[in-house]
Structure formats: structure tokens, C-alpha cells
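Report on the following structure.
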Amino acid sequence: MGQTQFGKGCHLHLIDGSAFIFRAYHALPPLTRKSDGLPIGAVSGFCNMLHRYVEGNTGPDAPTHVAVIFDHSGKSFRNDLYDLYKANRPPAPEDLRPQFPLTRDATRAFNIACKEIEGFEADDIIATLACQAREAGGRCTIISSDKDLMQLVGDGVEMLDAMKNKRIDRDGVHEKFGVGPERVVDVQALAGDSVDNVPGAPGIGIKTAALLINEFGSLEELLDRAEEIKQPKRRQTLIEKRDQIELSKQLVQLDCGMELDFTIDDLEVRDPEPDVLLEFLSQMEFRTLTKRLADQLGMEAPTIPEAAPQAAAGEVEAPEAPSFDQAEYTCVRDAATLQTWVDQIRERGWVAVDTETTGLDEMVVDLVGISLCVEAGKACYIPLTHKAGSDDLFGGEGLAEGQMPLDEALAILKPVLEDPAIIKIGQNMKYDAKIFIRYGVDVAPIDDTMLLSYALHGGLHGHGMDTLSERYLDHKPIPIKPLLGSGKSAITFDKVAIDDAVPYAAEDADITLRLWQLFKPQLHVQKVTTVYETLERPLVPVLAQMERHGIKVDRDVLSRMSNAFAQKMAGFEAELHEIAGTEFNVQSPAQVGQILFEDMGLEGGKKTKTGQWSTPADVLEDLATEHDFAARVLDYRQLQKLKSTYTDALQDHINPDTGRVHTSYVQTGANTGRMASSDPNLQNIPVRSEEGRRIREAFVPEEGNVLLSLDYSQIELRILAHMAGIDALKQAFAEGHDIHAMTASEMFDVPMSEMTPEIRRQAKAINFGVIYGISGFGLARNLRIPRKEAQNFIDRYFERFPGIRTYMDQTVEFAKEHGYVQTLFGRKIHTAEINAKGPRAGFAKRAAINAPIQGTAADVIRRAMVRMPDAIAHLPARMLLQVHDELLFEVPKDHVEETIATARKVMEGAADPAVHMDVKLVVDAGQGQNWAEAH
DNA sequence: AAATTCACG
DNA sequence: GACGTACGTGAATTTC
């Protein structure tokens, strides 16, 4: 060790430490150390990232030298140049500051060099080392996505965006800045940087800067010959602001020639010293990471003293649980052993359950085995229908040895699974419950770790088991891939050898139980018990019912439409080839773009970030008035969409046994509280276009029945009126006025009697825009009016309804302070990026404005759905589908009116009694012999 | 696997 | 006056 001189064949990794820290901090909930409450989340995340980084360093690309580079606290030499440098930066959050020194300790504990120098920024150290590496003929990879470092790229130096796992080379830099790495500083000097408070040249952004630099060759040349610039404003700026621009260049120019008190050779990769590393991790009380690294290093894990539990709010720490040990998992092969598990379950009153099946479609697949867990680390797997190995030529059909008969196992488990005094805990329990019900077992009551996480962490991350386990248990579950294989050679779970199935299946139940033990007490701490208990948990059996029931779809109707579409499309295709004078793929935007914007030489084409021509519908629509080619492409695309996504695909989703289509709702599908529908998605069946709407004619009731559609009228605008307290809007809703016409009248001073459809259309677009967190740009594009005009509309809107502006500002403020926004019913939607900088800030802001409105509407219909089964229990009616603000029912003809009245009452009263709405909710109803008629 | 496009509320 | 934008989804297809 430590003998090699850095040079050719060597590879230096430089990790931007601050980036790691901030990512770790924002990625994790605020963890604290059990024993003393020290905030520790960022250090925990930092350690996990370092650990993952070290583990990933194998193969030919592995570094020979590595260092983590940190910013030194306090001012840098750039503040001497310009005292406002980085003056916009908010100070680090209070609970992050004590963690900075600990991240240095962590780096040293992993035996990775850790460098920072007073008076300099990390970027300068990185620059100096990168230059030294280059001069020595070696490679250097800078692990960071900071654009300020892009000036260093080239000749063996590359960047690696660890977030996106994307390498950035010369081309990548050129893509970002429009110039090569050596001219990046020139562009930055002109464009400035609001984040670092680098002034630059006012009115010049990266695009313009790149243009100028490419034209004149360099910044110096540009400034010397500024008189030659044609645009008067630009010329004046460059001449007048010359000093400011030159200062900006000094600020962004990284120092490659720093004096360092160490050399690259000191950074050679070293193995960690096991006892040092474990000592640090155990001091931090990272139980699971300590244990895992101890196992990997073949060491005894140091014991971490148990501490008195601290009831600090927001505290989430892995429970004091044994580590995951596959040897502790048992395989249950007989009734007597299963009975011992049932006894343990009855003793405790709860059990984590997981099913293994032959596939993913709960309507079709068969049960293969069941896992149970009653105590962290103690789980079993009950194989039931595993097939015998296919080694012998005649095998593959018979059952494997050593399994209980399915009926016998279910007979023993059924009383437990249906016992109202025993909680059955699952991850995505709707799936398992739907399997069990097909075997005559009605699982209840249930708890669901996926839904617990959704209520606790909505908006922070996904809620799949792998995500939750890695995040909250610091344990990566056994992957299913190696067991099942992939692609054509993939097998189903019943073909997996029982010995291989046991650890995988039992672990899932183990993980589920541990997550439950961690999450359940948090509901109260985070004040989301009501959300979970009223909006999540009771919805599971309701959705399971709807999905199992499905909706009848007439295959012949779809099939005929598919044929008609195919014929028309062939005609359009021939016409397009004729116009283009060449055979090309109409379905390829790149080829369509090339014909329009190159061969035909039309203006207005834009390229996507991959450099292909972009041909979205709105661009083609603009061209369609003049060019048949564009019009035909639009025609073709519409039919292609309808055929492939609907008339063709929907037929494949008709269940052969039921003749119906069974969608699957993802209760945690949208961050706002909305659900998602998939396989197939029945929430985006066409309706807006006449041709598309006909697809709904294929959705039909059973003989003697009708389809009913009940939908909330303007629910989001009503909620906005209530939440923002806009009296004018409230009054309009109370009097049953046309809300868009009223808005138009108010804004444009047009009396209602003189309202035109065009004015009303514009007001409607503005009303929707408000819900989405309006911007001049967005409205301008939607209405196809000049941006300035759109901005005038918005200004006027806010003038007339000042409460809206206040509501928006307050919502964003709340999000910034708390990191989440809330619906009227208390659902929290976390807004992780709300304090981000740059364009992401705009996104996060608009999402934060929209979330309480969209989310409250989602909560309202959830409440209606939860109450609906009981409310219509006396009727022969079935609830089939939910489409965000619409519920679809199927009911015999002679019960239509009664069902409408009952369902409407439930829906209109759904907010009560939890919330009294100032604006009443109104539900419109329709009925018919298919969905098109009913809607 | 990512990008592009387009269907819905 | 510059940046890049409507909010939330799922699916099919092409392109890498």
C-alpha cells in the first residue's frame, strides 16, 4: 500500500462532500440518535452513500485514488473579490449544522482521505487535484453535478452525476453550456449565477452568452471588440458592465494552482480498518449498518447500548430488532407445526401475512404459498402448490414433496385470518386479500404498511417494500429476479425450489412486520391517524370489491372499431407517403420532423434535448391549417392512439371467465391522494374527441341493467373557493351561476347578458390555471395568446380576487416552513423540493399550490367511496369504477332513480361531518346503455 | 431503459 | 429582462 506513484493507468475519484451531505439531509426524515436525540439523519444517509459507493467500486473502472473534498466553513478568497459572493445562500438548517463535523469523521472512519482548506472552496481543491491528475497522465472522475466544475472536464477528466448515474464528458458540457469546457467560465462570466450571486451581464443568459463566445472566440476578444455587436442593448451592456463581467469571471474561475499540503499519492485507495469503522458506526448508533458491515468484514458487531425511548416528535429510528437471519426462517410442512404458529398468532393478536402466487393478476393467478411473521426475525413459509422439479422428463406437473394439502392449511388458517380480534398485517394487502377471497377466506381486519407509509411519508418517496425496507430498516430485501429469471426463460413462483423460496418469502413477512412496528406508532406522532383510519385503511376492501367485480366490455364493438381504424390509417399512411414522396415510418416523430422541418423546410420546429425533431400535437396543429401533411399526421396519430391503447389493448384485458375488465387501483399511486388505475388504466378512456368517445360505447351493463355515472361538478374550484375564502366565488356557487361566465364577467367587465363563448373560454382557462399554480407562460401557451396578454389576464384576476393570491402565497410559505402541505382532511403531502433552487423551485411551488386542492377533492371522493357500500347495501347496485371526480355504477333498470338519489346523497355529503364546506358540493348524474350515454 | 407522445381528471 | 413552466396520472411506441 501507498507505493504507487500516480500516473498513467491511475484513476482518481474526487467526491464533492457537500453535495453528498445535502442530498443525504434532504433524502431522509429527521432521524435522531436514540440515546441523546442528536440529529443524525444526514450522517446516516452520508454513511449509507459512502458504503454504497465503496461497494460499487469494482471492475476496471475502479479508482486507484480517492478523496472526499469539503467546503471549509467561513469565507473564501472570493469574498475578498466581491463581498456579496454567495450572499443569497440561506444558512444551513439548524439540525444539519451539528452534523457537518460528523460527516468528516465518517469519511475518515471509512478510511477515505478527507480534505478541506481554509479560505478555499471545495471546488478549488477539486480543480487543483484534477489538473494534477491530468498532468500526470492519469484519469480523474469528479463525483458531483455542480455545473461550476464543468470547466475542468476534458483530457481524462470527467464528471459523474451520482444521482442520475450519468457521466459528463466534453459533449455533456457542450450540451449544457453550448461551448467546450475551456470556454465554460467565459459563458458563466456573462450569464452570471443567481444561486451564487455572481452578477454577470444583465440580460444575458447562457444561450446568448454561448452565442457571443462562439462568435468572438473568447470573452477577452468579445469585450475588446464589443463595439462590433449589432444589437444596441447588448453592445451597451457589454461596454458599460465590463468591470462587472471581468469580476464575474474571476469568481467562477476555479483555482488550479493551489498550494496543497498533500499530494495525490496520499490519496491512494485504502481498505477500512474494521475496528475503527465499526466503532464510529456504533457510536452513531446505526444499528443495522453496523451489523451489516460487521458481517461483511467478518467481525463481531459491537453492542450498542439500549437507551430509554425518547418520545421526540418525528423521531424514526430502526427498532431494536435482531438483524435479518435466514437461518431463523422455518418451513412449515405439516398441520402440527402450522398449529404452533396459529397459537402464537392468537397469543399476540396480530400477524404479518404475505402470499406467493404464480403471477401478478389477482383475478387469475394461483396461490403457491403463504408466509407468516409474528415477531421480528421470526417468520415461516408454508409451501402449498410448488411443482416437483422438472429434472425428470415426465415431471413438471406433479406437486413437490413435503407440502401440506392446500385445503388443510387454509382450514387451519381461515379462523385466524377472519378473526375480528386479530390484525392481519400486509404490504399492499389488497393483493393478498383478493387472492384469499378466491379461496373462500375473507381476510379482516387488515393493516397495510404501504398505506401507513403513504399516510406518513406521502410525497417523500415511493411506498414499495424494497424502498421502505432499505430506507427504514436499512436492509435490502432478497431480490426475486434470481429466483424467477427474466425474459423468455422466466419461471413462475410455483416452479421455484421450496428451499430457495423459504428465505425469500419468509423475509417479506419479516420485513412487513418490522415496518408495521416502526410505522404504526408514528401515525399518532405525525398526527395522521385519522387520515389512515378514514381515508386509507377502510378503502382497501371497497377497492378490492370494485376490482373483482369489473365492468363488462363488448369485445365485438371494440373489434369492429379496430378494423375501421386500421382501414382509415392505411389510407392516411398512403397519403402521407405520397405527399412526402418517400416511404417513412409515420409513427416516428424523428422521421415526421425531418420531413416537415428539413425536406419541406418549414419554420417553427423545435428539437428535443436528444437532438431529434419534436413534433407534438400543438406544433402540428399550427402547421395543419397550411399543410395537409401535418393534418394527416395528426389524423393518423389519433387513430393509432385509439387503436393501440384502447380498441386493441382493451380486448386483451377482458377476463375470459367473467367477460369483464378488471382494473387495478393503486391507492398510493399519486402524491396528492388521488389514485391511479392500471392494467388496464380505466381512468383515461377517451371522451374529449367525438371519435374517441365512441370507445365508451363498448363499456356496457349486464342485460336488464343500466350504467350510472355520478360526477362532482367543478369540485376543485369549489374547494378553492372554500379554502381561499373567496366570497365572490362562494356566492356564485351558492346561486348556481355559470362560474366561468361569472369569472369572465368580473374580469372583462362584460355583463352576463353579453357573454360570448370566446370570453368565457378564456376565463375557464384562467380558472383552471389558478388551480395548477398559474404562470403567464403556461396560460399563454394554453390560450395561444401573447405572453404579455396572458400576464395581464392573470394580474387582473388577482386584482379581482385578491384572496387567491394570498392563499397561494400562504400555501407556499407553509410548505417552505414545514416541508409539506395539507388537505382539508389532514392529509400531508410532502414537498421535498420546495426549497430547491432553479427551475425545480417553480415546479415545486406550483405542485404545492395544487396539492391541497387536488388532494382535498381526492379525499372527498374517497370518503364517499368508503361509505358507499353500506349506503347502497339495500339496493342491487354495484359501484364499478372511480375516475377522480366520477363514480360509475351498474344497477337493474327498476332501481335507477333510487340508486342515483342514494349515491348522490353520499357524494354530496362526503365532507361532513369532518369538514363543513362553505360551498356545497354538487353531483351531476347520467345514465345509459353504455358509458358514453351515461357520462 | 429512456424519451416522446397522448389519453384522462 | 433572463430562466423554463401549467397540476396529477398510465401506456404504447420508437430510439438508444
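Every heavy atom of this structure was used, including side-chain atoms; hydrogens, water molecules and symmetry mates were not. In what follows, chains carry the letters A, B, and so on, assigned in the order in which the sequence lines appear, proteins first and then strands, with residues in each chain numbered from 1.
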Next on the checklist: Given C/dT5, C/dT9, B/dA3, identify the nucleotide with an atom nearest to the side chain of A/Arg846.
Outcome noted: C/dT5
Checklist entry - Among the nucleotides C/dC3, C/dC7, C/dT9, which one has an atom lying closest to any side-chain atom of A/Phe843? => result C/dC7
Checklist outcome for this item: Across all chains, not counting sequence neighbours, the side chain to side chain contact (heavy atoms under 4.5 Å, CB included) partners of A/Ala455 are A/Leu523, A/Val528, A/Val531, A/Tyr532
Item to check | Contacts of A/Asp361 that satisfy side chain to side chain contact (heavy atoms under 4.5 Å, CB included) - sequence neighbours left out | outcome: A/Met363, A/Val364
Next on the checklist: Holding to salt bridge (Lys or Arg N to Asp or Glu O under 4.0 Å), I want the full list of residues that pass it with A/Glu547, two or more places apart in sequence or in another chain.
Outcome noted: A/Lys430, A/Lys434
Item to check | Under the salt bridge (Lys or Arg N to Asp or Glu O under 4.0 Å) test, residues paired with A/Glu215 that sit two or more places apart | outcome: none
Next on the checklist: I'd like to compare against my own output: the B/S/- annotation of nucleotides 10-16 of chain C with a strict under-4.0 Å heavy-atom distance to protein.
Outcome noted: BBSSSSS
Among residues at least two apart in sequence or on other chains, which ones pass side-chain hydrogen bond (donor to acceptor under 3.5 Å, both in side chains) with [X]?
{"X": "A/His830", "answer": "none"}
{"X": "A/Lys764", "answer": "none"}
{"X": "A/Gln591", "answer": "none"}

Item to check | Contact list for DNA chain C against residues 808-815 of chain A - heavy-atom distance below 4.0 Å | outcome: none
Checklist outcome for this item: Contact check, residues 774-781 of chain A vs DNA chain C, heavy-atom distance under 4.0 Å, returns A/Ile774, A/Ser775, A/Phe777, A/Leu779, A/Arg781
Donor-acceptor pairs under 3.5 angstrom involving side-chain atoms of residues 765-780 of chain A: please list them, not counting sequence neighbours.
residue, atom, partner, partner atom, Å
A/Asn767, OD1, A/Tyr797, OH, 3.2
A/Asn767, ND2, A/His740, ND1, 3.0
A/Asn767, ND2, A/Thr743, OG1, 3.0
A/Ser775, OG, A/Gly778, N, 3.1

Checklist entry - With no angle test and no hydrogens, is the base of C/dG4 tied to the side chain of A/Arg840 by a donor-acceptor pair under 3.5 Å? => result no
Item to check | Heavy-atom donor-acceptor pair, A/Arg234 side-chain to C/dG1 base, under 3.5 Å | outcome: no
Checklist entry - Heavy atoms under 4.0 Å, any strand shown: does A/Asn671 hit a base, just sugar-phosphate, or nothing? => result sugar-phosphate
Item to check | Watson-Crick or G-U stems involving DNA chain C, each at least 3 pairs long, distances under 3.5 Å, ordered by first number | outcome: B:1-9 with C:7-15
